Amino acid sequence: MGINVTLIIGIILLILGIKLGYDTGFVKGIANVISLFVTLITLALIIMLTASFREGETRNVTYTLIIMIVLGGVYTVVKFVVRSFKAIAKLPVIKFADSILGIIIGVVWSFLLYIGIIMLGMNNCLWGLSDIIQKDVDANQFLTTLCKYNIFL
């Protein structure tokens, strides 16, 4: 049984997410998580778009482009709202609670980043690393379950 590099990277990302979440804070962390989530959805849509385009399914290509445009509009509105909350989070009493709650957001951020890395690896988008990620996922029950119930894959 070899070392599961993909699982070790996940643990490192989790520790890094906790540290960055505390340093960044809840409100700013939410902005980061929303950005990462939108990036993952966009990445999944681009993969779907290229697959549909290769197969000549113009209807799916059109739907995907419309979804991407709507997603961009929603992201712009959410970004504006989060910017307003950042001013409130700078108040002294709220700043400490913001840092503590930021740990939760840091964990979510690291999980989404980890899902993104696995998603890219499972779709052969990371060249040589894709084979390592696929072997690690097949060898580990936790990673297999994570991929099985992943909404992005």
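In this text, all values refer to a predicted model and were calculated from it rather than measured experimentally. Heavy-atom basis, side chains included; hydrogens, waters and symmetry copies ignored.
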| query | Which is it for Leu36 and Asn32 under the side-chain contact (heavy atoms from CB on, under 4.5 Å) test, yes or no, and what are the steps along the way? | reply | CA-CA 6 Å; Leu36 186 59; Asn32 294 342; over 6 Å; no
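- You'll find the side chain of Leu65 stays beyond 4.5 Å of the side chain of Leu45, heavy atoms only.
- Residues Ile46 and Met68 have side chains in contact (heavy-atom distance under 4.5 Å, counting atoms from C-beta outward).
- In this structure, Ser110 contributes its side chain and Val107 its backbone to a donor-acceptor pair below 3.5 Å.
- Using modelled atom types and a 3.5 Å distance limit, the side chains of Asn60 and Glu55 yield no donor-acceptor pair.
- Considering only heavy atoms from C-beta on, Tyr22 stays 4.5 Å or farther from Ile18 through its side chain.
- Using a 4.5 Å heavy-atom threshold, the side chains of Val78 and Val82 count as touching.
- Checked by atom type and distance alone, the side chain of Asp98 never pairs as donor or acceptor with a backbone atom of Ile94 at under 3.5 Å.
- Looking only at side-chain heavy atoms (C-beta outward), Tyr114 and Leu146 come within less than 4.5 Å of each other.
- Side-chain contact between Ile117 and Leu13 is present, with heavy atoms from C-beta onward closer than 4.5 Å.
- A side-chain donor-acceptor contact under 3.5 Å links Thr50 to the backbone of Ile47.
- Side-chain atoms of Asp136 never come within 3.5 Å of backbone atoms of Asn4 as a donor-acceptor pair (strictly under, hydrogens ignored).
- Put simply, the side chain of Asn123 never gets that close to the backbone of Cys125: no donor and acceptor are under 3.5 Å apart.
- If you check the side chains of Tyr63 and Ser52, you find no donor sitting under 3.5 Å from an acceptor.
- The list of salt bridge (Lys or Arg N to Asp or Glu O under 4.0 Å) pairs with a residue in residues 117-132, not counting sequence neighbours, is empty.
- Between Gln134 and Asn124, some side-chain heavy-atom pair lies under the 4.5 Å cut-off.
- Side chains of Thr64 and Val61 form no contact here, defined as non-hydrogen atoms less than 4.5 Å apart.
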